Amino acid sequence: MSFNDELNSLFVEESQIPAEYRIEELHQREYLVNGEMKQWDGEVSEVYSPICIPGPDGLQRKLIGSYPLGTEKEAMDALEAAEAAYNNGRGEWPTMSVADRIKCLEKFVYKMVEQRDLVIKLIVWEIGKSVADSTKEFDRTVEYINLTIDALKDIDRQSSRFEMAEGVVAQTRRSPIGVVLCMGPFNYPLNETFTTLIPAIIMGNTILFKPPKHGTLVHYPLLKAFQESFPKGVVNTVYGRGANVTPGLMATGKINVLAFIGSSKVANDLKKRHPKINRLRAVLSLDAKNAAIVTKSADLNIAVAECILGSLSYNGQRCTAIKIIHVHKDVADEFLKLLSEGVAKLKYGMPWTKGVNLTPVAEPGKPAYLKECIDDAVANGASVVNENGGATVASFVFPAIVYPVNDKMKLYREEQFGPVIPVIPFDSIEEPIQYQIDSPHGMQVSIFSTDAQETADLIDPFVNLVSRVNINAQCQRGPDVFPFTGRKDSAEGTLSVHDALRSFSIRSLVATKMTDANKQLLNEIVNEHDSNFLSTNYIF
Ligand SMILES: NC(=O)C1=CN([C@@H]2O[C@H](COP(=O)(O)OP(=O)(O)OC[C@H]3O[C@@H](n4cnc5c(N)ncnc54)[C@H](OP(=O)(O)O)[C@@H]3O)[C@@H](O)[C@H]2O)C=CC1
Ligand SMILES: O=C(O)[C@H](O)COP(=O)(O)O
């Protein structure tokens, strides 16, 4: 059987899919605005899975459901609801005690967990992520919420501290900012969106939440949980194409925070729509072209294992993926041989295949785009060095290792966001450093070396060019308590469990002159405060 026939045979008839992984079509007609589940009777967007099914005309993406293709009108209704619920900081939610807000969030998590199996199945079918990774995505998100609750208790303790200086005593508070527009990318449709949505909600803001088009149904089972856990207008959904429904929202000037994870092009465009950009807070996690640097002293087995994980987990569809590898020319041949052998051993198949590494890619246009990148590299002097590299059947693309890449090729700078590994040889370590200096991105690098001095010498330049340097390890976001950010076009603001709480709040002061009369007044305020907040540490 040819390799292509083998790939073809991965796509099976529905009846051959194990029963527990089959999916029933889900046609969503509800959306959540102002605490009401509204019924949609307008145009819908059909959702096709990257998992293809043999049909009369060959392999076809399977229809798995549909959702409301909302328009600007519904987006504006959602904005009105979020504004009313915020009510210039005087609404029920922004004035609610932290302890009570936490109770609402705990109720939400409880209800969210009840939907675990369905949400995981929807991640699998909507974006083709393996069952194991989809399960991880769900569980990691729940853990993120629980860590956020712990961090919030901690931050409230710190922020309600009283401080005294020069005859003035001040109570510091973490206050909400206003209306937040939350948008996320397709590759972690649940987790990425929730890492801004949850901290934004819990800090007392009100939310407009626009799910990504590949990964919209994933959120449907959670709408009721939002509705039942938070006061009306705190969480409002915006459905429809991002390009149609969000620019108008920004143009109203009423969005106080843009929380966006996705491509920098879209983020910058949305920011520019805001008429008073200086009043907009942007919390952005954007694109990246993370490099691995394999030095002459590297343990090549470790470098290969980590580069494979880094480049090909979820088929390379991660912002944190390693998207180019610089290898010292003296070890390039051996590295490429081991890398090719490693890739050949990867298990490919449908998301439910046990131990599967490679699955269909999510975006319909991606196989053609990756072919274009590979063809362009070949036309400019590179080769695909691994067996079957780039072989494509429908939505499945077998990883291609492309070598030697140079600055004339798309793969040199473009973020391929898929299973193609560009490798570039270097002679002097100054070359990968210069690559990073010239890059518009600055998220992460991975350095592979066994020489302590060499490693130490490389950490300093790179840590000033990117936001995370990994030593003998792949690039990755987690654990989520670590700061996650980037330089240049890769990010604005920092997300970690703790940093996100700061990103969606403002540290305000209540300052009082220290007279005897005011001391008495303050003591009374403190007693009141004690009953409203989790704890108070004051000194005077
Ligand atoms: N730094 C990070 O943490 C991460 C960054 N990313 C980056 O995200 C990208 C991949 O995700 P992808 O989903 O393709 O990102 P996009 O930027 O295309 O989409 C993100 C969101 O923006 C919306 N959108 C798309 N086009 C427009 C537009 N013209 N105007 C307004 N809104 C728009 C989308 O809506 P719709 O889907 O309806 O078009 C979606 O909700 C990569 O660049 C990747 O590096 C991905 C993961 C994490
Ligand atoms: O790359 C991404 O899209 C996410 O931020 C992810 O994280 P990961 O490194 O944990 O997969």
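Order of listing sets the numbers, starting from 1, for every ligand and every atom in it. None of these values were measured; they are calculated from a predicted model. When reading the values below, keep in mind they use all heavy atoms of this one structure, side chains included, and skip hydrogens, waters and symmetry mates. In this chain, numbering begins with 1 at the start of the sequence shown.
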Classify the contact between [X] and ligand 1 as side chain, backbone, both or neither, using a heavy-atom distance cut-off of under 4.0 Å.
X: Y188; answer: neither
X: E415; answer: side chain
X: E192; answer: side chain

Next on the checklist: Checking contacts now, so for atom 19 (O) of ligand 1, which I'm interested in, is there any protein heavy atom under 4.0 Å?
Outcome noted: no
Taking distance alone, with N or O pairs closer than 3.5 Å, would you say R318 contacts ligand 2?
yes
If we number the atoms of ligand 2 from 1 as shown, the ones under 4.0 Å from a heavy atom of Q476 are 9 (O)
A student checking ligand 2 against C319 at a 4.0 Å heavy-atom cut-off should list atoms 1 (O), 2 (C), 3 (O), 4 (C), 5 (O)
Ligand 1 contacted by [X] (non-hydrogen, < 4.0 Å):
X: M443; answer: yes
X: G184; answer: yes
X: T246; answer: yes

From [atom], work out which of [options] has a heavy atom at the shortest distance.
atom: atom 35 (O) of ligand 1; options: K210, E363, M183; answer: K210
atom: atom 46 (C) of ligand 1; options: T195, V238, N187; answer: N187
atom: atom 9 (O) of ligand 2; options: T320, L309, N187; answer: T320
atom: atom 16 (P) of ligand 1; options: G242, S263, A288, P211; answer: S263

Is any side-chain N of the basic residue among D77 and K38 closer than 4.0 Å to the acidic one's carboxylate O?
no
Checklist line | Cationic N near anionic O, under 4.0 Å, E192 to R477 | finding: yes
Quick look: R140 vs ligand 2, heavy-atom contacts under 4.0 Å, and the answer is side chain
Counting heavy atoms under 4.0 Å, the part of Y188 that contacts ligand 2 is side chain
In R241, Q28, K213, the residue satisfying side-chain hydrogen bond (donor to acceptor under 3.5 Å, both in side chains) with S45 is R241
Review point. Among the heavy atoms of Y314, does any lie under 4.0 Å from an atom of ligand 2?
Key: no
Establish, yes or no, whether a centroid distance under 6.0 Å links the rings of [X] and [Y].
X: Y348; Y: F398; value: yes
X: Y31; Y: Y67; value: no
X: H219; Y: F209; value: yes

Side chain to side chain contact (heavy atoms under 4.5 Å, CB included) test vs H214 passes for just one of P185, P364, S49, namely P364
